[in-house]
Undergrad: 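Okay, handing you the structure first.
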Amino acid sequence: MTDIYSRLKQDHDKHRKLLAKIAETHGDSAERRELFEAFRVEVTAHANAEEQTLYAYMLEDPDLQDEGRHSVAEHKNIDDMLEELSDMDMSSPGWLTRFKALRHCYEHHIEEEEEEIFVAAEKVTRASEERKMADKFDDRKADEKAAA
């Protein structure tokens, strides 16, 4: 069985690969559109499911609330950037500039989660809770992807 932290890191690795592939595309190509849409759907479903599982748990714990709130706020910022990019002309230089900003912001966010947030939460969660959260995350993510 996988715990919530391993499960989230699996997604993060997938997201890093998608970001790298998008960065290699040029102009308003079908490849760029498909990769960006895959990234947008994947990250949106991931963030929503993460908020409904790990961050819901963290927000209930007074010692973890600040970290939980911080990460949820970063999710909102990333979501806003994704929406902005979706509305922009992918062949414009401004799109690539904004994409680079999104990539930097997102990679910083997931590094912070892996190196700080997960470490803090792991100190207070039991292994059985971590596995239950992973299962619930997978269920919620599937629902979120279907809704996207």
Side-chain angles (χ1 to χ4, degrees), residues 1-61 64-86 88 90 95-148:
M1 282 186 128
T2 303
D3 65 55
I4 187 67
Y5 312 108
S6 298
R7 181 63 192 84
L8 295 172
K9 288 177 186 178
Q10 288 172 355
D11 273 7
H12 292 171
D13 290 342
K14 181 179 183 178
H15 300 164
R16 286 180 180 101
K17 289 175 184 171
L18 280 169
L19 286 167
K21 287 180 182 180
I22 295 167
E24 294 172 1
T25 63
H26 301 282
D28 189 1
S29 65
E31 181 184 26
R32 179 177 277 181
R33 278 184 263 123
E34 289 169 16
L35 288 169
F36 180 74
E37 182 60 12
F39 178 77
R40 187 194 65 75
V41 169
E42 179 67 28
V43 167
T44 301
H46 170 94
N48 290 343
E50 186 176 48
E51 289 175 14
Q52 295 165 27
T53 55
L54 178 62
Y55 290 123
Y57 177 86
M58 290 178 71
L59 291 171
E60 290 178 1
D61 186 322
L64 298 173
Q65 282 181 349
D66 288 343
E67 290 94 339
R69 285 189 193 115
H70 175 79
S71 289
V72 170
E74 285 186 348
H75 283 182
K76 172 65 171 123
N77 183 49
I78 291 163
D79 189 53
D80 290 345
M81 293 174 85
L82 286 168
E83 187 175 328
E84 184 181 346
L85 280 162
S86 293
M88 291 177 76
M90 287 188 170
W95 191 92
L96 189 56
T97 300
R98 193 66 178 144
F99 171 75
K100 287 177 182 177
L102 167 72
R103 183 178 183 183
H104 174 78
C105 182
Y106 187 73
E107 288 178 340
H108 166 78
H109 170 72
I110 60 178
E111 286 171 18
E112 186 176 68
E113 281 186 331
E114 292 172 0
E115 295 171 9
E116 298 172 26
I117 304 298
F118 297 173
V119 172
E122 218 168 1
K123 289 179 182 177
V124 299
T125 54
R126 292 188 312 270
S128 61
E129 292 171 321
E130 293 169 357
R131 288 190 298 273
K132 284 179 190 174
M133 280 191 275
D135 291 341
K136 184 176 178 183
F137 172 84
D138 285 335
D139 291 344
R140 292 302 314 139
K141 185 176 174 197
D143 291 345
E144 292 292 336
K145 280 181 94 168

Undergrad: Are His70 and Asp66 close enough, and set up right, to give a side chain to side chain contact (heavy atoms under 4.5 Å, CB included), and what steps lead you there?
TA: CA-CA 6 Å; His70 175 79; Asp66 288 343; over 6 Å; no

Undergrad: Please report the C-alpha distance between Glu113 and Leu8 in whole Å, then the side-chain angles of each, then the deciding distance to 0.1 Å, and finally whether the side chain to side chain contact (heavy atoms under 4.5 Å, CB included) criterion is met.
TA: CA-CA 9 Å; Glu113 281 186 331; Leu8 295 172; 5.9 Å; no

Undergrad: Out of curiosity, Ile78 CD1 to Glu83 CD, how far, rounded to the nearest 0.5 Å?
TA: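 That separation rounds to 14.0 Å.
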
Undergrad: I need the single residue from Asp138, Asp139, Asp13, Asp135 that forms a salt bridge (Lys or Arg N to Asp or Glu O under 4.0 Å) with Arg7. Which is it?
TA: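 Among Asp138, Asp139, Asp13, Asp135, the one meeting salt bridge (Lys or Arg N to Asp or Glu O under 4.0 Å) with Arg7 is Asp138.
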
Undergrad: NE2/His75 to CG/Leu82 distance, rounded to the nearest 0.5 angstrom?
TA: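 That separation rounds to 11.5 Å.
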
Undergrad: Any sub-3.5 Å donor-acceptor pair from Thr25's side-chain atoms to Ile22's backbone N or O?
TA: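 Such a contact is found between Thr25 side chain and Ile22 backbone.
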
Undergrad: Could you list the donor-acceptor pairs under 3.5 angstrom formed between side-chain atoms of residues 35-47 and any protein atom two or more places apart in sequence or on another chain?
TA:
unit_1	atom_1	unit_2	atom_2	d
Glu37	OE1	Arg40	NE	3.0
Glu37	OE2	Arg40	NH2	2.6
Glu42	OE1	Lys14	NZ	3.4
Glu42	OE1	Lys145	NZ	3.0
Glu42	OE2	Lys141	NZ	2.2
Thr44	OG1	Arg40	O	2.7
His46	ND1	Asp11	OD2	2.8
His46	NE2	His12	NE2	3.4

Undergrad: Quick one: list whatever passes side-chain hydrogen bond (donor to acceptor under 3.5 Å, both in side chains) with Glu116, sequence neighbours left out.
TA: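 Glu116: no side-chain hydrogen bond (donor to acceptor under 3.5 Å, both in side chains) contacts found.
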
Undergrad: With a 4.5 Å heavy-atom cut-off, do Phe137 and Leu54 have their side chains touching?
TA: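 With C-beta onward as the side chain, the pair stays apart.
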
Undergrad: Could you tell me whether the side chain of Arg32 and the main chain of Met90 form a donor-acceptor pair under 3.5 Å?
TA: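 Yes: the side chain of Arg32 pairs with the backbone of Met90.
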
Undergrad: Ignoring hydrogens, what is the shortest heavy-atom contact between Gly68 and Tyr55? Give both atom names and the distance.
TA: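 What the structure gives for the nearest pair is CA-CD2, 3.8 Å.
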
Undergrad: For Lys9, does the NZ atom sit with more than 12 other heavy atoms under 6.0 Å from it, leaving out its own atoms?
TA: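 Yes.
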
Undergrad: Please tabulate, one pair per line, all N/O donor-acceptor pairs under 3.5 Å involving side-chain atoms of residues 119-126, not counting sequence neighbours.
TA:
unit_1	atom_1	unit_2	atom_2	d
Thr125	OG1	Tyr5	OH	3.0
Thr125	OG1	Ala121	O	3.2
Thr125	OG1	Glu130	OE2	2.7

Undergrad: Please report the interatomic distance CG(Leu19) to NZ(Lys100), rounded to the nearest 0.5 Å.
TA: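 Between atom CG of Leu19 and atom NZ of Lys100 there are 13.5 Å.
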
Undergrad: At what distance, to the nearest 0.5 angstrom, does CD of Glu114 lie from NE2 of His109?
TA: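 So the gap between those two atoms works out to 9.5 Å.
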
Undergrad: Test side chain to side chain contact (heavy atoms under 4.5 Å, CB included) on Cys105 and His108 and set out the steps.
TA: CA-CA 5 Å; Cys105 182; His108 166 78; 5.9 Å; no

Undergrad: Which atom names give the shortest non-hydrogen contact between Met133 and Ile4, and what distance separates them?
TA: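 So the two residues come closest at O-CD1, 3.6 Å.
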
Undergrad: Measuring from Asp3:CG to Arg131:CZ, what's the distance to the nearest 0.5 Å?
TA: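 It is 8.5 Å, given to the nearest 0.5 Å.
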
Undergrad: Could I get the full list of side-chain hydrogen bond (donor to acceptor under 3.5 Å, both in side chains) partners for Arg33, not counting sequence neighbours?
TA: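 Residues passing side-chain hydrogen bond (donor to acceptor under 3.5 Å, both in side chains) with Arg33: Asp28.
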
Undergrad: Would you please test Met58 and Ile117 for side chain to side chain contact (heavy atoms under 4.5 Å, CB included) and show each step?
TA: CA-CA 10 Å; Met58 290 178 71; Ile117 304 298; 3.6 Å; yes

Undergrad: Please say whether more than 12 non-hydrogen atoms of neighbouring residues, nucleotides or ligands are located less than 6.0 Å from CD in Gln10.
TA: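 Yes, because the 6.0 Å sphere around CD of Gln10 holds more than 12 heavy atoms from other groups.
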
Undergrad: Do Met81 and Arg103 have side chains that approach each other closer than 4.5 Å (heavy atoms only, starting at C-beta)?
TA: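 Not touching, per the 4.5 Å side-chain cut-off.
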
Undergrad: Say you draw a straight line from CD of Gln52 to NZ of Lys136; how long is it, rounded to the nearest 0.5 Å?
TA: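 One finds 7.5 Å between CD of Gln52 and NZ of Lys136.
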
Undergrad: Sorted by first residue and then second, give each salt bridge (charged side-chain N to carboxylate O under 4.0 Å, His left out) pair with at least one member in residues 70-82; sequence neighbours left out.
TA: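 For residues 70-82: Lys76-Asp80.
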
Undergrad: With sequence neighbours excluded, tell me which residues meet side-chain hydrogen bond (donor to acceptor under 3.5 Å, both in side chains) with Glu84.
TA: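 Glu84 satisfies side-chain hydrogen bond (donor to acceptor under 3.5 Å, both in side chains) with Arg98 only.
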
